[in-house]
Amino acid sequence: MSENKVKRNVLLNPGPSTTTDSVKYAQIVPDICPREKEFAGIMAPMRDDLVKIVHGDTKEYTAVLFCGSGTICIDIALNSLLEEGKKALVVRNGSYSARACDVLEYYGMPHIILDQPYDALPDMDALEELLRKEKNIGYVYMTHHETGSGLLGPIRKAGELAHKYGAFLITDTTSSYAMIPINVYEDNVDFCMASAQKGIMGMTGLSYIIGRRDIIEKSKDFPKHSYYCNLYRQYAYFEETGEMNFTPPVQTIYAAKQALIEYFEEGEQAKWERHQRIMAAIRKGADEIGFKELLPRDIQSGLVAALIYPDDENWDFEKIHDYCYERGFTIYPGKMQGKGTFRLCALGAIDAPDIEAFWKVFKEALAEYNIKVPVKYA
Ligand SMILES: *Cc1c(COP(=O)(O)O)cnc(C)c1O
């Protein structure tokens, strides 16, 4: 990784992630109108690279770019891909799959929700039963990595079941793509999605849906729910002109170009090993302090640790956060209603020594605010 000219913050929040200086500086380019051929010449190979990350054949799979945060992909995939007369089926087991249900609700689209616990693997027999019973499911939707809890969803099985019953799988891989190796064929993924500020360690403002060309082509005639946020529209425009329908996030795309160079330089396997090294360092420190985790480790993604607040009258997340923040480490509150948790995430251009340095500061913070170590639970 390059030498740091910009102050380096270690972000342990679930994205945006710590970036390299080379990615930050890639945004500083001469002004350019994105309607110039030169700019389309950046996006075309980028679309192919994004498909290659999940091992798709670019004749069968394509990547469609959008200007927006990750949620734009949830919105677009769900609202664009439901055929007339069919229903969506969402496995709801965390805050991001709940967001997907909100989107369908918002557009008044027909859908069925399979509610599952946030802290256990979703029941695939229940999913199969629903698919068998409901004969007109268009797509099954499952979050790959529920970033709020850290749970890893069984997408391979969900995709297999979807296919068995004539549906396809849309999965939200925003917080796993380009981190956990994914193969669209082996993992039965028809559509996945991500955002540049997460796995590829780029900047915010660029998001992408990666999925099957044949289904996108077919969706030309599906009911429309949005003008700006429609998958076929953006796809068709790209195919025809090489450009985004509307103004792209120019500088973010330059950063993403550099981030992809660095992604392929590091390599899928080496990068995944680095994420695992980071998580091992997170767990080592958490164990030393005595933190309890929200989920058993064997069902976690290995990218997010959700730690339960200790029962100590002096515990105050805000104070600990501020102490760490002032020293260059960002920690993040949990997303679990009614349960006090905070999260440490293994994203970004960081490695195990950053985590060791973080725990040193974190322990100082505990001492500063008289929180007993090992921490106690009632
Ligand atoms: C980060 C994330 C998103 C996108 O969130 P935005 O705030 O819109 O960028 C979507 N799904 C998952 C699972 C995520 O972790």
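Residue numbers start at 1 and run along the sequence shown. Whatever order the structure lists ligands and atoms in, that order sets their numbers, starting from 1. No hydrogens, no waters, no symmetry mates; every other heavy atom, side chains included, goes into these values.
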Report yes if S195 has an N/O atom closer than 3.5 Å to an N/O atom of ligand 1; otherwise report no.
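Not met; the criterion fails.
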
Of all the heavy atoms in [X], does at least one lie under 4.0 Å from an atom in ligand 1?
X    : result
R99  : yes
M193 : no
Q197 : yes

Classify the side-chain pair [X]/[Y] by whether it contains a donor and acceptor separated by less than 3.5 Å.
X    : Y    : answer
H55  : E186 : no
S149 : E146 : no
Y107 : D75  : yes
H145 : S301 : yes

Regarding atom 10 (C) of ligand 1: of the candidates T174, T171, T147, which has the closest heavy atom?
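Of the listed residues, T174 has the closest heavy atom.
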
Residue [X] vicinity, atoms of ligand 1 by number, heavy atom under 4.0 Å:
X    : value
S69  : 6 (P), 8 (O), 9 (O)
S175 : 13 (C), 15 (O)
H145 : 13 (C)
K198 : 1 (C), 2 (C), 3 (C), 14 (C), 15 (O)

For atom 9 (O) of ligand 1, what is the nearest protein heavy atom, given as residue, atom name and distance?
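Protein heavy atom at minimum distance: G70 N, 3.0 Å.
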
What residue and atom, counting heavy atoms only, is the protein's closest point to atom 11 (N) of ligand 1, and at what distance?
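Result for atom 11 (N) of ligand 1: D172 OD2, 2.6 Å.
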
Quick one: is the NZ or CZ of R212 closer than 6.0 Å to the six-membered ring centre of F168, and within 45° of its axis?
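No, R212 does not sit over the ring of F168.
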
Does R233 qualify as a cation-pi partner of Y227, given the criterion of NZ or CZ under 6.0 Å from the six-membered ring centre and within 45 degrees of its axis?
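Pair R233/Y227 counts as cation-pi.
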
Determine, using ring centers only, whether F39 and Y254 are less than 6.0 Å apart.
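They qualify: ring centres under 6.0 Å apart.
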
Out of curiosity, does V184 fall in the hydrophobic cluster containing I216 (side-chain heavy atoms, cut-off under 4.5 Å, transitive links)?
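In one cluster with I216: V184, yes.
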
